Number of protein chains: 2
Amino acid sequence: MGKTVSKAKIFKKPGHDHGRCIKSALDMAQSLCAARGARLTELRRRVLELVWASHRPIGAYDLLDKLKAERHNAAPPTVYRALEFLIELGLVHRIESLNAYMGCSGPDAGHSSQFLICRDCGSAAEINDARIDAAINNLSQDAGFSVHHHSIEVEGRCPDCRSTR
Amino acid sequence: MGKTVSKAKIFKKPGHDHGRCIKSALDMAQSLCAARGARLTELRRRVLELVWASHRPIGAYDLLDKLKAERHNAAPPTVYRALEFLIELGLVHRIESLNAYMGCSGPDAGHSSQFLICRDCGSAAEINDARIDAAINNLSQDAGFSVHHHSIEVEGRCPDCRSTR
DNA sequence: GAATGTTATGTTATATTATAACATTTCCAT
DNA sequence: ATGGAAATGTTATAATATAACATAACATTC
């Protein structure tokens, strides 16, 4: 069916319609909050929108700078509290290896965090591999370990950066 | 062959002979450095020993405190530089989710970093699951992503903490 | 629709983690 | 012994994150 494609579309192409990514994320957030009885305030919504400004993880203080442009009184707790709320709901993931934050592309799925991160351009793509989940669950069980959450961060080079050189 | 054991011995038991863990780690470091022409100085060796003081990841400043007890002039760069060296050689892993450091139990294996981390007692166990590696390599290839390094951190409860309550 | 409790945000200060930059010392090959 | 490289010392500061308390917004009940 159609042309044979060997590369799964995990990384977004530079020219994609990013407005749709943002809208979709905000819509999902809206309904998820409604379902959970959580309050998606103007501030929280705006922080989520800023996190979604690109497909690159963004640092809390970069976020704060953007926020300050529109809210003179934004301070670290402003952004950290919003992030905490969004992470709690699974709308945002923290990228541990970068101390940065990234919108979740599928908040419905399990609360694990799996990313491919390009060391050249900084873009990241969320993955959700059942084999990995299965292996982690299996080996954890063998070890007598009960899993609460897991985070996988794969550092390397994305297709675009590889083709560029 | 002996009694049937369903739990792999991944987490160390409280009463194990930890002296041997330390000795083994220092010996491996010694030979690895010799093989690579790297200098395992007194300071670096001592930092490695301190990292191996337990099976819990330790923070850089906790390490610094310990070091200060014996080297009055130890400062942050002292410990960070030693850690950098040890990480470079694969003798120590950084636990991203804790901003902490942990001795590597098998510096020979690939340079990936996979841990089960107990949220109750803070102890961590290194794993090295071929299925996970395979899945990551496979999905990365499908995505056109070239892997440089990966880090997996599974948070949960270790066997001891689970049996305690 | 006023009183009340709860949740969210504002505000200030500070803790924690990590690195920059330059000086000095140590090591080792000649 | 000496010159160059690597390691360590030293001081200062950057970057990330949280504590603690004050105020404001919201939502529920009367």
Side-chain angles (χ1 to χ4, degrees), chain A residues 29-30 32-34 36-51 56-89 91-102 122 151 153, chain B residues 29-30 33-34 36-51 56-89 91-102 117 122 151 153:
Chain A
Q30 192 77 48
L32 195 145
C33 285
R36 301 269 190 92
R39 286 166 56 188
L40 187 62
T41 62
E42 192 47 38
L43 172 62
R44 289 163 173 174
R45 185 186 158 86
R46 183 62 184 136
V47 168
L48 181 60
E49 203 171 359
L50 289 173
V51 166
R56 301 177 188 193
I58 183 172
Y61 280 76
D62 288 345
L63 223 35
L64 178 55
D65 286 344
K66 291 197 187 189
L67 208 54
K68 271 180 177 161
E70 41 200 68
R71 295 195 167 228
H72 80 285
N73 50 358
T78 312
V79 65
Y80 279 104
R81 286 194 284 228
L83 286 171
E84 181 185 34
F85 171 87
L86 296 167
I87 289 169
E88 179 74 28
L89 280 168
L91 294 166
V92 164
H93 288 293
R94 176 179 158 82
I95 307 296
E96 302 288 354
S97 60
L98 299 175
N99 294 337
Y101 304 84
M102 169 121 192
S151 148
E153 298 176 11
Chain B
Q30 192 77 46
C33 286
R36 301 267 189 94
R39 286 165 58 188
L40 186 62
T41 62
E42 192 47 40
L43 173 62
R44 289 164 173 174
R45 184 187 159 84
R46 183 62 184 138
V47 169
L48 180 59
E49 204 172 357
L50 289 173
V51 165
R56 300 178 189 192
I58 182 171
Y61 280 75
D62 288 344
L63 222 35
L64 178 55
D65 285 344
K66 292 197 187 190
L67 209 52
K68 271 181 178 161
E70 41 199 70
R71 294 195 167 229
H72 79 285
N73 49 358
T78 311
V79 66
Y80 279 104
R81 286 195 284 229
L83 287 171
E84 180 184 34
F85 170 87
L86 295 167
I87 289 169
E88 179 73 29
L89 280 167
L91 294 166
V92 164
H93 287 293
R94 176 180 157 82
I95 307 296
E96 302 289 353
S97 59
L98 300 175
N99 294 336
Y101 304 85
M102 170 121 188
I117 304 162
S151 147
E153 298 177 11

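Please read all numbers here as calculations on a predicted model, not as lab measurements. The figures here come from the full heavy-atom set of this structure, side chains too, leaving out hydrogens, waters and symmetry mates. Within every chain, numbering begins at 1; the chains are lettered A, B, ... in the order of the sequence lines, protein sequences first and strands thereafter.
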query = Nearest heavy-atom pair of A/Ser97 and A/Glu153: which atoms, and what distance?
reply = OG-OE1, 2.5 Å
message = Among residues at least two apart in sequence or on other chains, which ones pass side chain to side chain contact (heavy atoms under 4.5 Å, CB included) with B/Gln30?
response = B/Leu40, B/Arg45
request  = Find the distance between CD (B/Glu84) and CD1 (B/Ile87) and round it off to the nearest 0.5 Å.
outcome  = 8.0 Å
key: Distance, nearest 0.5 Å, that separates CZ of A/Arg56 from CG of A/Asp62   = 12.0 Å
inquiry  = Go through it in stages, so that I can follow the logic: the residues are B/Leu83 and B/Leu63, the test is side chain to side chain contact (heavy atoms under 4.5 Å, CB included), and I'd like the CA-CA distance, side-chain angles, deciding distance and then a yes or no.
reply    = CA-CA 10 Å; B/Leu83 287 171; B/Leu63 222 35; 3.9 Å; yes
query = Is B/Arg39 touching bases, backbone alone, or none of the nucleic acid, heavy atoms closer than 4.0 Å?
reply = sugar-phosphate
For A/Glu42, side chain to side chain donor-acceptor pair (under 3.5 Å) partners two or more places apart = none
message = Would you compute the distance between atom CG of B/Leu48 and atom CG of B/Leu91 and round it to the nearest 0.5 angstrom?
response = 6.0 Å
task = Identify the two heavy atoms, one from B/Arg39 and one from B/Phe85, that lie closest to each other, and give their separation to 0.1 Å.
result = O-CZ, 3.5 Å
key: Sequence-distant partners of B/Arg94, side chain to side chain donor-acceptor pair (under 3.5 Å), two or more places apart   = B/Glu96, B/Asn99, B/Tyr101
remark   = d(A/Leu86 CG, A/Leu32 CG) to nearest 0.5 Å is 10.5 Å
note = Closest non-hydrogen atoms of A/Ala100 and A/Pro57, given as atom of the first, atom of the second and distance, are CB-CB, 3.6 Å
ask   = Angle, rounded to 10°, between the helical axes spanning five pairs at each terminus of the helix from C/dG1-D/dC30 to C/dT30-D/dA1?
value = 30°
ask   = Heavy atom of residues 64-74 of chain A under 4.0 Å from DNA chain C: which residues?
value = A/Arg71, A/Asn73
ask   = First and last nucleotide of DNA chain C touching chain A, 5' to 3', heavy-atom cut-off 4.0 Å?
value = C/dT7 to C/dT12
query = So what does A/Arg44 hit on the nucleic acid, given a heavy-atom distance under 4.0 Å: a base, only sugar-phosphate, or nothing?
reply = sugar-phosphate
Atom pairs and distances, side-chain donor-acceptor, residues 64-82 of chain A, under 3.5 Å, sequence neighbours left out:
| unit_1 | atom_1 | unit_2 | atom_2 | d |
| --- | --- | --- | --- | --- |
| A/Glu70 | OE1 | A/Arg46 | NE | 3.4 |
| A/Glu70 | OE1 | A/Arg46 | NH2 | 2.9 |
| A/Glu70 | OE2 | A/Arg46 | NE | 2.5 |
| A/Thr78 | OG1 | A/Ala75 | N | 2.9 |
| A/Thr78 | OG1 | A/Ala75 | O | 3.0 |

Just the table, please: protein N/O against nucleotides 15-18 of chain D N/O, every pair under 3.5 Å.
| unit_1 | atom_1 | unit_2 | atom_2 | d |
| --- | --- | --- | --- | --- |
| D/dA17 | OP1 | A/Arg94 | NH1 | 2.4 |
| D/dA17 | OP1 | A/Arg94 | NH2 | 2.8 |
| D/dA17 | OP2 | A/Tyr80 | OH | 2.8 |
| D/dA17 | OP2 | A/Tyr101 | OH | 3.2 |
| D/dA17 | O5' | A/Tyr80 | OH | 3.3 |
| D/dA17 | N7 | A/Tyr61 | OH | 2.5 |
| D/dA17 | N6 | A/Tyr61 | OH | 3.3 |

